[in-house]
Every structure is written in C-alpha cells, then in structure tokens.
Amino acid sequence: MQFFQKNSDIKLIAGPCSAENREQILNTAKELSLLDKRIIFRAGVWKPRTRPNTFLGAGDIALNWLNEVQKKLGLYVSTEVAEPEHVEKVLKAGIKIVWIGARTSSNPFSVQKIANALAGTGLSVMVKNPQYPDVDLWIGNIERLLQNGINDIAAIHRGFFPYEKHAYRNIPKWEVPIELKRRLPDLTIFCDPSHISGKRQYIHEISQRALDLNFKGLMIETHINPVEALSDKNQQFDIKQFKELLESLKWRRQVAEDETLNRLIDDIREKIDCVDSQLLELLQLRMKYVDEIGNYKKEHNVSVFQLKRWANILETRLKQAESIGLPDDFVHKLLEMIHKESIRRQSEILRNNNN
Ligand code: PEP
Ligand code: MN
C-alpha cells in the first residue's frame, strides 16, 4: 500500500510527544478526531531521551492504547521505532505507520538494522532528518529502506542540532529539505515545527514557513494537558492552541490553478532568469579582475588578503545595500562568499607561480 501517495489529502500528524497513560492517549486522540478525521495520530511509545532518568515513554503497553485509537476513533496511528524489536512489537499491535527518529537517523548502523527488520512488513515509514545537516545521510537512510523493498516512505524535517546559541531548539536550515526535495522530487516531506521550535511561541511562524515552502504538511506535538506532559512540555500545544494554529495557517497550492496567473508568474520568471544570467556574467567579470590583481600581487610579492580592503568592501557595500533595501545579513553572507572565492583564486595564482 502506497499510503503517503494514496492519501495525499493527509496533511497533519498530531499527538503527544510520549504515550504516558491510556487516558491521556485516548482523550487527546478523541479531541483531535473531532477536529479532523484525516490526522495521523502520533505518540512515542519508547522515547529516546537525551539524559537518563527521564521519562522513557510508557513502553509496550502503550501499543494497546494506540491500537484502541485506531479501532475506536478510526485515526491512523504511528509511533517511533528505534530498534528491530520495536518493529516486531508494532506489527503485532496492528500499527501500520512508524517513524525513525533523528537520533536513530544519525546512525547508519541503526537504520540498517531497522530497515532489515522492516523488510516485507508492508509498514509505511517516515524518516526524520539526522541531527546534523547532512542531506546525503538522510537520503542514505531512505536508500537503505528502498533497498529492503520498503517504498512507502515520507520524510520529516525536524531541524538540526544548534552548535551555537539559537532561539529555536533546532535550526531549520531550510536549504537541506529543499535539496532533499530536489534530489527526490516525488518524496512526501512533512515539517515538524514542534521539535524545530522547542517552544510553543515559535510554532506558528515555523509552520507557515513550511507551508510557504510547499511542504506536504505538519507534525505538531499536541497534548490534552501540556502543562503536565512528561516530555517536551514547552513545545506541545493543547487542543485549543492546535485548533487556532490550523485556523490561522495559509495552505498554499503547489501551482496556481488560474491560467492567467500562471502566465503572469511565467513572465516574471523569465525576467528572473534574465537577471540570474546577468548576475553570473557579472560574477565572472569580477573574478577576471580578481585574477588580474592576483597576477600583480604575485609579481610584486604582495599578500593575497588585505584586511583594509576587505573592511572597505564590507562598509561600502553594506551601506549601499541598506540604501536600496537589501537585508544586511543577506548581503554580508553574499559578500563573504564572493570574497572567499576571490581569495581562493588569488592564492591559487600565487601557488602556481611559485612552482
Ligand atoms: C519525537 O518525535 O518525539 C522525537 C523524539 O523527535 P526527534 O527524533 O525529531 O527528536
Ligand atoms: Mn518530542
């Protein structure tokens, strides 16, 4: 069964971080089912926690509660599998959708073992991104599944471990899921704003961003009473907050249905193509001048990097950027990339000429 392709109208995965007790699971699922029957209910049965001595999920018994949700409320249900024996237990409990979490996804050995256990089960699998922004590792996990005949797969973008202080718990690095989509255009990709944000206050903005970027849908941690949640309490929505989120979001179409609008977009795209081409030609011209200077520097034994010049470039360009309304950090990054390439070329000229 190609669940994700067949059920392309399913746009929401919701439910608590962890399965804590039967009442919590059934009450949360009941409320969610009243909002939307086409939700994939989620709950972590076995929780991979960063620190020991924290709540590890209710364990095997919670599979019965998920099974009840499936049977009584008619919701699809899903949980995380981190070990081959989880796969066996999930199968026995009649659960049909699982996900591979970010910690597991960071380890090819673990993913291979799970992929082997999943072979021939017919389960649908959602693969979260690894904790660090390595798109090849994410794709590698998907390939391990495909090679084992598991082809009902979706991906979940849940952000990347922040090595520096950041407002969010995990950094979105949107370019990574965008690259995943470019390389696997038919793959269904959900976004998990709960684990990106780490805090309720950021969930709206991250969710809308994901929809603007054409993600299929969202995984939102939702709890009947988040204040007392046993894991991830700061990022879980209660039912009312979840409902408000759904009401406030603008879901985007992948392509405009209106022909006139499509033509208009195509016209503007042509202009953008033309500007991009000019940008590339200008960059090529800049690099030509850079090479010329490189040759002079070599001839007169002058160092490649000139701090004063770089400071001057930054100052003047950023001033100009501000005056024409281009954001400072964007232009700063762009200049850094251009400057880095200029330095690289000049260093190469000096090296070659030393031979
Ligand atoms: C989860 O979904 O509850 C979870 C543990 O997420 P992640 O693997 O993204 O940290
Ligand atoms: Mn969680």
Side-chain angles (χ1 to χ4, degrees), residues 12-20 24-25 28-29 32 39-52 54-59 62-63 66 76-83 86 90 95 97-108 110-111 114 124-134 137-138 141-142 153-162 166 168-173 176-177 180 189-200 202-203 206-207 210 215 217-238 241-242:
L12 293 170
I13 306 160
C17 177
S18 316
E20 299 169 7
Q24 169 241 12
I25 287 294
T28 310
L32 289 173
I39 283 179
I40 301 177
F41 184 73
R42 61 146 286 154
V45 166
W46 308 281
K47 295 303 295 178
R49 303 302 302 278
T50 305
R51 307 283 299 272
T54 39
F55 180 63
L56 296 174
L63 295 170
L66 288 181
Y76 299 105
V77 296
S78 65
T79 196
E80 175 172 351
V81 289
E83 287 170 9
H86 293 161
V90 158
I95 292 166
I97 309 171
V98 294
W99 79 83
I100 295 177
R103 288 156 192 80
T104 309
S105 191
S106 306
N107 181 345
S110 302
V111 174
I114 294 172
S124 307
V125 186
M126 303 188 282
V127 185
K128 289 205 176 193
N129 62 262
Q131 284 181 296
Y132 43 96
D134 180 349
L137 187 56
W138 200 357
N141 292 336
I142 292 168
I153 301 172
I156 301 177
H157 169 233
R158 49 78 77 201
F160 302 94
F161 183 80
H166 198 280
Y168 295 170
R169 178 179 177 188
N170 288 292
I171 301 179
K173 289 191 173 293
V176 179
L180 178 71
I189 311 183
F190 293 97
C191 180
D192 170 354
S194 306
H195 286 91
I196 293 177
S197 69
K199 292 189 198 79
R200 275 182 281 283
Y202 300 125
I203 292 180
I206 299 167
S207 301
F215 279 73
L218 305 169
M219 176 185 255
I220 306 285
E221 281 191 338
T222 318
H223 192 291
I224 194 79
N225 184 13
V227 184
E228 288 185 7
L230 298 179
S231 61
D232 286 353
K233 65 156 66 161
N234 297 330
Q235 69 192 33
Q236 301 205 58
F237 268 167
D238 65 20
Q241 289 160 334
F242 181 61

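Just so it is clear, the structure is predicted and the values come from calculations on it, not from any experiment. Read the numbers this way: they start at 1 and go in the same order the structure lists the ligands and their atoms.
- Of the protein's non-hydrogen atoms, His195 NE2, 3.5 Å is the one closest to atom 4 (C) of ligand 1.
- Proximity of Pro172 to His157: side-chain heavy atoms (C-beta onward) are separated by under 4.5 Å at one or more points.
- One finds a salt bridge joining Asp232 and Arg169 here, because a Lys/Arg side-chain nitrogen approaches an Asp/Glu carboxylate oxygen to under 4.0 Å.
- Between Phe160 and Trp138, the ring planes lie perpendicular to each other; the angle is over 60°, past the 30° to 60° tilted range.
- Taken to the nearest 0.5 Å, the CZ atom of Phe55 stands 8.5 Å off from the CZ atom of Arg49.
- Of the inter-residue distances, the one linking Ser194 atom OG with Arg158 atom CZ reads 11.0 Å to the nearest 0.5 angstrom.
- Rounding to the nearest 0.5 Å gives a distance of 6.5 Å between CZ of Phe242 and CD1 of Ile220.
- If you take OH on Tyr132 and OG on Ser106, they are separated by 5.5 Å, rounding to the nearest 0.5 Å.
- Taken from CD1 in Ile206 to NE2 in His195, the straight-line distance is 12.0 Å, to the nearest 0.5 Å.
- Atoms of ligand 1 found under 4.0 Å from any heavy atom of Glu80 (numbered from 1 in listed order, with element): 5 (C).
- Assignment of Lys47 to the shell around ligand 1 is supported, since a heavy atom sits closer than 4.0 Å.
- With a cut-off of 2.8 Å, the protein N/O/S atoms near the Mn ion (ligand 2) add up to 4.
- With rounding to the nearest 0.5 angstrom, the CD atom of Glu228 is 12.5 Å from the CD atom of Gln236.
- Gln131 does not count as a contact of ligand 1, since none of its heavy atoms falls under 4.0 Å from the ligand.
- Between atom 10 (O) of ligand 1 and the options Arg158, His157, Lys128, Gln236, the minimum heavy-atom separation is to Arg158.
- Nearest-residue assignment for atom 8 (O) of ligand 1 (options Ser18, Ser231, Ala102, Pro16; heavy-atom criterion): Ala102.
- No option in Asp238, Leu32, Ile39, Ile13 other than Leu32 meets the side-chain contact (heavy atoms from CB on, under 4.5 Å) test with Thr222.
- Listed by number with element, the atoms of ligand 1 under 4.0 Å from a non-hydrogen atom of Trp99 are 2 (O).
- A salt bridge between Arg42 and Glu221 is present, with a side-chain N of the basic residue lying under 4.0 Å from a carboxylate O of the acidic one.
- Geometrically, ligand 1 and Arg42 share a nitrogen or oxygen pair separated by less than 3.5 Å.
- Near Arg103, meaning under 4.0 Å from any of its heavy atoms, are these atoms of ligand 1: 7 (P), 8 (O), 10 (O).
- Of all atoms in ligand 1, listed by their number and element, those nearer than 4.0 Å to a heavy atom of Gly101 are 8 (O).
- Residue-to-ligand polar distances keep Asp232 apart from ligand 1: every N/O pair is separated by 3.5 Å or more.
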